[in-house]
Amino acid sequence: MSKLKINPDTLIRHNDSEYKFKDLIDLLLKPCSKVNHNVYRKAVKKVRRKYLRQQEALKLEKIKTNFPRIESRPVDEAEVEQIEKEKAHRIWLEREKLAQLEWKTKKEQNEKILLKVKEKEKRLEEISKSKQSQKTNLAPGLYIKPAFCEQNWEKCGFYERTGVCKYANLCSKSHLIDPNGTLTTLIFPAMYSNMLLGYELLKNDKDSDEALEYEEKDILINFKNFYDDVVSKLKTYGKLVQFLVCSNYQPHLRGNVYVQFEDECDTKAAFQDLNGRFYAGRQIFCYYSHVKNWRMAVCSKFLRNNCDKNRMCNYLHVFNDPYNEFKIEDLSNLAKNLQTRSSLGAWSSDEEKDLSSKENHAKKTKKKRKKRSRSRSCSKQRRSHKHKK
Ligand SMILES: [Zn+2]
Ligand SMILES: [Zn+2]
């Protein structure tokens with residue numbers, strides 16, 4: 001170290017200021033009264049040591065700045081708590097994220113299931129609705145009001161009078177009827193088809209000898225059996241006021257059975273019980289109809305025996321009533337009369353009493369006549385009943 005040569009101009013710090021090497025020696029020697037060689041040497045050594053210390057310190061400083069030492073700081077409890085809190089918060093956040101994702105997927109799955117269930121319910125509802133509409137199908141087109149329907153839409157005369165129309169729902173005219181009217185009439189389309197069809201076909205084929213085998217008389221006997229079968233069954237539901245069977249050859253009228261009850265409830269009971277049942281091996285159906293004016297429904301020319309269209313007529317041509325039980329007349333006021341009578345309840349004026357008693361008397365005499373005529377006809381041999389339940 002003694003060999004180290006120091007430039008006299010090098011700067012050395014002393015008391016917060018910098019001095020040149022030789023200046024610092026002079027500064028140190030100033031307070032001395034006597035300056036000999038030894039004193040000078042001591043001062044030089046002192047300054048040199050100072051310089052070396054400072055150099056050493058500088059080196060250390062450099063190392064420190066280049067490689068900063070990781071100092072273990074003193075452990076602070078509050079800080080540790082804070083770190084723990086942050087860690088917990090981070091974990092909670094991640095869990096929350098996962099839970100939300102799970103919830104979202106579950107929700108989507110649930111929504112899908114719900115949608116499927118709703119669709120299924122909707123389909124079932126539609127099916128049940130269509131079934132119901134089939135069941136309670138009143139006269140075709142009764143409550144179905146097409147979009148183009150207007151109040152002054154021309155009514156279909158055939159439908160208005162007979163309750164059927166050969167164009168059915170494709171008819172350009174209105175098949176709408178008064179929805180407030182009482183429905184006491186049922187139509188059984190093509191219920192009576194025995195022999196009539198075969199007879200008509202054979203009759204057209206003039207060369208066939210078989211046609212001769214089927215005479216009008218046979219058909220009448222067959223019809224009487226049908227009449228006995230069906231009317232007795234219908235009477236179990238309530239009082240019958242009309243029973244007509246079409247002999248028309250037109251497909252929409254052929255074998256149609258028209259039935260009118262006195263009471264709307266009886267009509268409903270018959271409708272519900274007979275729809276879809278089997279008669280003579282064939283399933284039968286019926287629907288409500290507004291027709292009550294039988295004078296209008298039945299072909300007036302047919303009643304006078306001079307209809308040119310014969311069985312191709314679009315108005316009713318009917319079989320003769322074997323017991324003259326039901327008359328072809330306007331029965332549209334029957335239900336209304338019943339309603340007004342029932343609205344009075346047990347109370348009635350004297351005039352009405354007289355009227356009702358007269359009516360009852362008339363009915364009784366009518367019944368007696370019927371019974372007599374029936375007993376006469378019963379004596380004739382009947383064919384076996386084909387009614388199946
Ligand atoms: Zn029509
Ligand atoms: Zn006619």
Side-chain angles (χ1 to χ4, degrees), residues 133-134 136-181 183-193 195-204 216 219-220 223 226-227 242-260 285-322 324 326-332:
S133 68
Q134 275 173 6
T136 57
N137 191 13
L138 307 180
L142 180 58
Y143 293 124
I144 305 160
K145 202 173 181 182
F148 56 82
C149 174
E150 284 170 19
Q151 283 207 330
N152 52 4
W153 192 16
E154 194 187 345
K155 284 190 172 181
C156 173
F158 290 112
Y159 188 80
E160 186 86 352
R161 282 173 67 173
T162 64
V164 288
C165 166
K166 67 175 171 182
Y167 300 113
N169 286 335
L170 296 174
C171 185
S172 63
K173 291 173 182 175
S174 166
H175 284 190
L176 292 170
I177 60 150
D178 178 20
N180 299 319
L183 293 164
T184 51
T185 303
L186 293 176
I187 298 176
F188 294 78
M191 187 181 174
Y192 181 68
S193 69
M195 271 176 77
L196 173 72
L197 180 68
Y199 177 73
E200 282 292 329
L201 286 173
L202 289 168
K203 216 177 172 185
N204 290 341
E216 200 83 25
I219 287 173
L220 286 177
F223 175 71
F226 175 80
Y227 184 97
Q242 190 57 278
F243 180 84
L244 292 174
V245 180
C246 294
S247 61
N248 299 61
Y249 187 61
Q250 291 278 57
H252 66 287
L253 284 168
R254 194 187 306 164
N256 282 8
V257 175
Y258 287 76
V259 174
Q260 189 185 347
F285 294 97
C286 62
Y287 54 83
Y288 286 103
S289 175
H290 62 281
V291 180
K292 289 180 203 101
N293 188 349
W294 304 104
R295 279 208 162 276
M296 295 296 275
V298 177
C299 175
S300 55
K301 284 181 181 174
F302 164 77
L303 291 175
R304 277 182 262 122
N305 259 329
N306 63 350
C307 181
D308 333 316
K309 288 175 185 172
N310 208 4
R311 291 189 174 181
M312 296 303 279
C313 185
N314 276 320
Y315 295 107
L316 308 191
H317 284 206
V318 293
F319 284 98
N320 283 330
D321 185 347
N324 290 321
F326 306 107
K327 278 177 184 170
I328 294 165
E329 55 191 357
D330 183 6
L331 297 174
S332 44

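Counting starts at 1 for both ligands and their atoms, in listed order.
Under a 3.5 Å cut-off, the side chain of Arg295 and the backbone N or O of Glu329 do not form any donor-acceptor pair. Although no hydrogens or angles enter the test, the distance criterion places a donor-acceptor pair under 3.5 Å between the side chain of His290 and the main chain of Glu160.
With the Zn ion (ligand 1) at the apex, Cys156 SG and Cys171 SG define an angle of roughly 120° (rounded to 10 degrees). Angle NE2(His317) to the Zn ion (ligand 2) to SG(Cys313), rounded to 10°: 110°. At the Zn ion (ligand 2), the vertex angle linking SG of Cys299 with SG of Cys307 is 110° (nearest 10 degrees).
Sparse packing is recorded around CG of Asn320, with 12 or fewer heavy atoms of other residues, nucleotides or ligands lying under 6.0 Å away.
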Subject >> CA sep, side-chain torsions, deciding dist, call: Phe223, Tyr192, side-chain contact (heavy atoms from CB on, under 4.5 Å) >> reply: CA-CA 8 Å; Phe223 175 71; Tyr192 181 68; 3.7 Å; yes
